Number of protein chains: 2
Amino acid sequence: MRKTFLFLDTVINKVDNKGRVSLPADYRSIAKELNTQIVLYRSLTSNCIEGCTEELMEKLASDIETSHDFFSSEQDDLTNLIFGDAKRYSFDSTGRILLSEKLIAHADIKDKAVFVGKGRKFQIWNEAEWAKEEQRVREEILQKRPTIKRKEDV
Amino acid sequence: MRKTFLFLDTVINKVDNKGRVSLPADYRSIAKELNTQIVLYRSLTSNCIEGCTEELMEKLASDIETSHDFFSSEQDDLTNLIFGDAKRYSFDSTGRILLSEKLIAHADIKDKAVFVGKGRKFQIWNEAEWAKEEQRVREEILQKRPTIKRKEDV
DNA sequence: TTAAATACCATGCTATACCATATAGGTAAG
DNA sequence: CTTACCTATATGGTATAGCATGGTATTTAA
């Protein structure tokens with residue numbers, strides 16, 4: 001029935017004192033249907049956790065293999081950074097994952113986790129941080145809007 | 001459930017005074033599922049130990065065969081360096097391997113070993129050395145990021 | 001015969017699997 | 001339009017299994 005496999009929507013779930021949090025049901029069903037696991041890692045650019053399917057990771061590994069020399073330092077650095085930080089997360093029968101200390105610290109997660117869909121990937125934010133980020137993104141879009149409008153007018 | 005065989009995550013395990021260290025369970029399961037052994041060798045470029053499956057070694061052998069002249073000195077050097085240094089390591093029922101003196105000396109391993117996933121390969125570092133290396137890589141990648149993106153897009 | 005490598009046993013800890021309860025969304029009957 | 005019921009998801013709590021690690025025995029090699 002499902003034709004696309006996109007992480008969508010924004011969902012806020014509670015994180016208990018062990019670091020457990022329910023993965024949104026919608027995200028779970030993607031992993032289930034693709035028969036793959038979820039991989040989480042620290043975002044390179046923001047104070048948030050980023051996630052994707054293991055399938056996408058596999059694709060990335062192949063891409064790196066073919067686009068760089070086997071012994072190149074670029075490939076070395078890239079693979080260290082990406083795969084060294086990524087970790088498979090399996091959810092239990094109730095759909096929860098256990099966030100690692102490293103991830104929680106990086107995103108400053110307290111008792112709430114905000115899941116934000118990004119298509120092939122998704123992000124997990126601290127509630128207040130996400131509010132700020134969303135504000136920032138919206139303002140940026142508004143600034144660009146006049147340019148778009150002008151084009152439409154022409 | 002698992003369809004991919006990527007070495008992921010960063011795990012710190014203790015090395016006892018005999019040089020024994022637990023291979024992370026996740027890494028072991030890869031060797032098990034692929035029904036292959038783990039091969040370790042001294043990194044050509046860093047003060048760390050590098051590891052992969054024997055399967056990947058096979059692939060590397062084929063690649064070298066096709067990418068250089070069969071009798072070239074380049075191929076001689078490469079094969080000497082890599083295959084001459086590599087050694088199979090089998091783990092016992094509790095999942096531990098015994099690191100050789102040569103490897104321990106090269107990576108300056110003391111009482112802790114840091115396993116860093118690299119996708120098809122992984123590395124083993126001295127704790128302090130890895131901290132420095134991770135820092136260096138993060139800074140470098142952030143600078144090069146536009147270049148990488150361009151490559152991925154193509 | 002001694003040292004070193006390998007295999008096996010025991011223990012404590014923690015991730016994870018499972019059960020039970022609560023909450024919300026949706027549907028159909030009143 | 002309201003109420004009651006049902007299903008799916010989220011969350012709290014607890015038990016269990018898997019893992020890392022200390023220790024010891026057994027085998028292999030020098």
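In this text, all values refer to a predicted model and were calculated from it rather than measured experimentally. Order of the sequence lines fixes the chain letters, A, B, ..., with proteins taken first and strands second; residue numbering starts at 1 for each chain.
Phosphate contact (OP1/OP2 of D/dA10, side-chain N/O of A/Arg28, threshold under 4.0 Å): present. Considering only side-chain N and O atoms, B/Lys14 lies under 4.0 angstrom from the phosphate OP1 or OP2 of D/dG22.
Atom CG of A/Leu99 sits about 12.0 Å away from atom CZ of A/Arg96, to the nearest 0.5 Å. The CG atom of B/Asn13 sits 13.0 Å away from the CZ atom of B/Arg20 when rounded to the nearest 0.5 Å. Rounded to the nearest 0.5 angstrom, B/Lys121 NZ and B/Thr53 OG1 are separated by 11.5 Å. Taken to the nearest 0.5 Å, the CD atom of A/Glu33 stands 5.0 Å off from the CZ atom of A/Phe5. Atom SG of residue B/Cys52 and atom CD1 of residue B/Ile30 lie 11.5 Å apart, to the nearest 0.5 angstrom.
To the nearest angstrom, C1' of D/dT11 lies 16 Å from CD1 of A/Ile12. Across the protein-nucleic acid pair, A/Arg88 atom CZ and C/dA15 atom P stand 17 Å apart, rounded to whole Å. Going from atom CZ of B/Phe91 over to atom P of D/dC19 covers 11 Å, rounded to whole Å. Atom CG of B/Asn17 is separated from atom C1' of C/dA4 by 13 Å (rounded to the nearest Å). Atom NZ of B/Lys32 and atom P of D/dG18 are 10 Å apart (whole Å). One atom, CG of B/Asn13, and another, C1' of C/dT14, lie 14 Å apart when rounded to the nearest Å. A straight line from CG of B/Asp16 to P of C/dA4 spans 14 Å, rounded to a whole angstrom. Atom pair A/Asp92:CG and D/dG13:P shows a separation of 15 Å (rounding to whole Å applied).
Comparing C/dC9, D/dA10, C/dC19 against the side chain of A/Ala25 picks out D/dA10 as the nearest.
Counting distance only, with no hydrogens placed and no angle test, the side-chain atoms of A/Arg20 and the base atoms of D/dG13 include a donor-acceptor pair under 3.5 Å. Contact of B/Lys18 with D/dT24 (side chain to base): a donor-acceptor pair of N or O atoms is detected under 3.5 Å.
Contacts of residues 95-108 of chain A with DNA chain C (heavy atom under 4.0 Å): A/Arg96, A/Leu98.
The rotation axes computed at either terminus of the helix from C/dT1-D/dA30 to C/dG30-D/dC1 lie 30° apart, taking five pairs at each end and rounding to 10 degrees.
Using a distance-only test at 3.5 Å, with no hydrogens or angles considered, a donor-acceptor pair links the side chain of B/Lys118 to the main chain of A/Asp76.
B/Thr94 comes within 4.0 angstrom of a nucleotide base, judged by non-hydrogen atoms across all strands.
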Original post:
Going through the checks in order, is the side-chain hydrogen bond (donor to acceptor under 3.5 Å, both in side chains) test met by A/Gln135 and A/Glu139?
Top reply: CA-CA 6 Å; A/Gln135 180 76 13; A/Glu139 277 170 12; 3.1 Å; yes
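Between A/Phe122 and A/Tyr27, the ring planes are tilted. Angles from 30° to 60° get that label.
By the criterion of side-chain heavy atoms lying less than 4.5 angstrom apart, applied directly or through intervening Ile, Leu, Val, Met, Phe, Trp or Tyr residues, B/Val21 is grouped together with B/Ile124 in one hydrophobic cluster.
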